[in-house]
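Have a look at the structure below, then the notes.
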Amino acid sequence: MQKVKLPRTVDPVRAAQKKLDYDGIIKAELLERLAESTQSVTRDANVTLSFDLDQRHVAFVRGRADVEVVLTCQRCQEEFNHEYSVEFCYSPLFKPEEADDLPEAYEPADVDENGEINLIQIVEDELILELPQVAMHDDADCKASGNMTFGEIPVADERPNPFAVLKNLSK
C-alpha cells in the first residue's frame with residue numbers, strides 16, 4: 001500500500017463514525033517545532049491513524065508515528081542519528097470543561113472553530129515529548145565512553161544528628 005500525505009486537519013467525529021484509517025507520511029519540512037528541538041529531521045514521519053467510537057460512543061483516534069532525527073551527544077558533542085516511534089490515543093475536546101469527563105485512556109485534542117483537529121500538530125507534539133531528555137550515543141559508539149570519573153568526591157564529615165535530642169523527650 002502506498003503512503004500518502006496526511007491531511008492537516010480532520011473532523012474527528014465524522015472520521016470516527018466512518019471508522020477511517022490513514023497510513024501516510026508527514027513531510028519533514030512540516031515538522032518545524034521538532035526540527036527546532038533537534039539538529040534536524042532526516043526523513044518524513046511515517047504515521048498510521050485509526051478513528052473509531054468506543055462503547056460510550058466517544059470518538060477517538062489511535063495512532064503510531066516514527067521518525068529519524070539528528071541529535072547531539074551530551075557526552076562527546078558529536079551528532080548522531082536517532083530513530084524512534086511513538087504511540088498515542090486522543091479524543092476531541094469541544095469544551096475545556098469536558099476534559100474531566102474523558103476516559104483516562106484518551107488525551108484531549110482541542111478542536112478548532114470548524115470542529116476539526118490538527119493531525120500534524122498532534123503527531124509533532126508526541127514526537128517532541130518522546131525525545132530523550134539527555135541525548136547520548138550508545139556506550140559502544142560514543143568517543144567519550146571511557147572512564148567518566150573526574151577527581152574524587154570527599155567523604156562528608158560525620159556530624160551528630162540534630163534531631164537525636166528528640167529521642168529523649170518521649171520518655
Side-chain angles (χ1 to χ4, degrees), residues 1-138 141-142:
M1 182 157 93
Q2 182 183 3
K3 294 202 178 254
V4 297
K5 287 195 312 188
L6 292 175
R8 283 186 180 265
T9 61
V10 67
D11 182 333
V13 176
R14 190 172 294 142
Q17 290 169 343
K18 294 179 180 179
K19 298 185 187 284
L20 292 180
D21 291 328
Y22 289 100
D23 188 8
I25 60 169
I26 297 176
K27 291 285 196 185
E29 56 265 14
L30 294 176
L31 301 171
E32 295 171 359
R33 292 181 300 127
L34 181 61
E36 291 172 5
S37 302
T38 63
Q39 295 303 314
S40 66
V41 179
T42 58
R43 69 167 171 80
D44 300 338
N46 295 312
V47 182
T48 57
L49 300 170
S50 295
F51 290 86
D52 206 349
L53 296 171
D54 66 9
Q55 293 123 348
R56 293 174 38 187
H57 299 288
V58 174
F60 69 92
V61 56
R62 187 176 310 279
R64 177 171 166 61
D66 64 77
V67 72
E68 185 176 41
V69 296
V70 176
L71 300 175
T72 301
C73 178
Q74 297 301 303
R75 285 188 290 216
C76 68
Q77 300 302 308
E78 296 284 327
E79 292 184 351
F80 67 99
N81 289 350
H82 177 65
E83 188 171 342
Y84 66 105
S85 64
V86 294
E87 292 185 7
F88 49 88
C89 191
Y90 281 89
S91 183
L93 187 63
F94 295 96
K95 298 177 188 166
E97 57 271 8
E98 293 175 351
D100 294 334
D101 298 335
L102 277 180
E104 251 182 65
Y106 306 143
E107 288 292 324
D110 292 327
V111 296
D112 62 13
E113 63 276 356
N114 300 322
E116 296 182 335
I117 57 174
N118 187 327
L119 294 177
I120 295 172
Q121 182 179 3
I122 286 174
V123 171
E124 188 174 29
D125 286 347
E126 289 295 324
L127 291 170
I128 290 170
L129 287 172
E130 193 64 26
L131 284 170
Q133 286 185 335
V134 180
M136 290 186 286
H137 284 107
D138 290 331
D141 298 333
C142 190

Looking only at non-hydrogen atoms, find the nearest pair between L49 and G63 and report the distance.
CD2-CA, 3.9 Å
Looking at P92 and P12, what are the two nearest heavy atoms and their distance?
CB-CG, 3.5 Å
Determine the interplanar angle of the F60 and Y106 rings, folded into 0 to 90°, and report it as parallel if under 30°, tilted if 30 to 60°, perpendicular if over 60°.
parallel
Scan residues 84-93 for pairs that pass salt bridge (Lys or Arg N to Asp or Glu O under 4.0 Å), counting only residues two or more places apart or in two chains.
R64-E87
One should read off an interatomic distance between L119 CG and Y90 OH, to the nearest 0.5 angstrom, of 11.0 Å
Between the main-chain N or O of A59 and the side-chain N or O of S91, is there a donor-acceptor pair closer than 3.5 Å?
yes
Side-chain donor or acceptor of Q77 paired with backbone N/O of R75 under 3.5 Å:
no
Heavy-atom pair with the smallest gap, counting every atom of L131 and Y84
CD2-OH, 3.4 Å
Could you give the distance from CD1 (I117) to CD1 (I122), rounded to the nearest 0.5 Å?
4.0 Å
Hey, are the side chains of C142 and F80 touching, using non-hydrogen atoms and a 4.5 Å cut-off?
no
So, the side chain of N46 versus the backbone of I25: is there a donor-acceptor pair under 3.5 Å, distance only?
no
E116: which residues meet the side-chain hydrogen bond (donor to acceptor under 3.5 Å, both in side chains) condition with it, sequence neighbours left out?
T9
Side chain to side chain contact (heavy atoms under 4.5 Å, CB included) between L129 and F88, intermediate numbers included:
CA-CA 11 Å; L129 287 172; F88 49 88; over 6 Å; no
D52 vs R62, side chain to side chain contact (heavy atoms under 4.5 Å, CB included): CA-CA, chis, key distance, verdict
CA-CA 8 Å; D52 206 349; R62 187 176 310 279; over 6 Å; no
Rounded distance (nearest 0.5 Å) linking atom CG of N81 with atom CD of Q39:
11.5 Å
What one should report as the nearest heavy-atom pair of H82 and P132 is NE2-CD, 3.9 Å
Gap between atom CG of L6 and atom CG of D23 - 0.5 Å precision
8.5 Å
V47: which of V123, L127, V86 passes side-chain contact (heavy atoms from CB on, under 4.5 Å)
V123
Work out which heavy atom in D11 is nearest to a heavy atom in R14; give both atom names and the distance.
OD1-N, 3.3 Å
Tell me if a side-chain donor or acceptor on E124 pairs with a main-chain N or O of E32 at a distance below 3.5 Å.
yes
Could you walk me through whether D125 and R33 pass side chain to side chain contact (heavy atoms under 4.5 Å, CB included), step by step?
CA-CA 9 Å; D125 286 347; R33 292 181 300 127; 2.7 Å; yes
Going from CG on N118 to CG on D112, what distance comes out if it is rounded to the nearest 0.5 angstrom?
8.0 Å
Interatomic distance, CZ@R43 vs CG@D66, rounded to 0.5 Å, equals 4.5 Å
Side chain to side chain contact (heavy atoms under 4.5 Å, CB included) with Q133: which residues, sequence neighbours excluded?
none
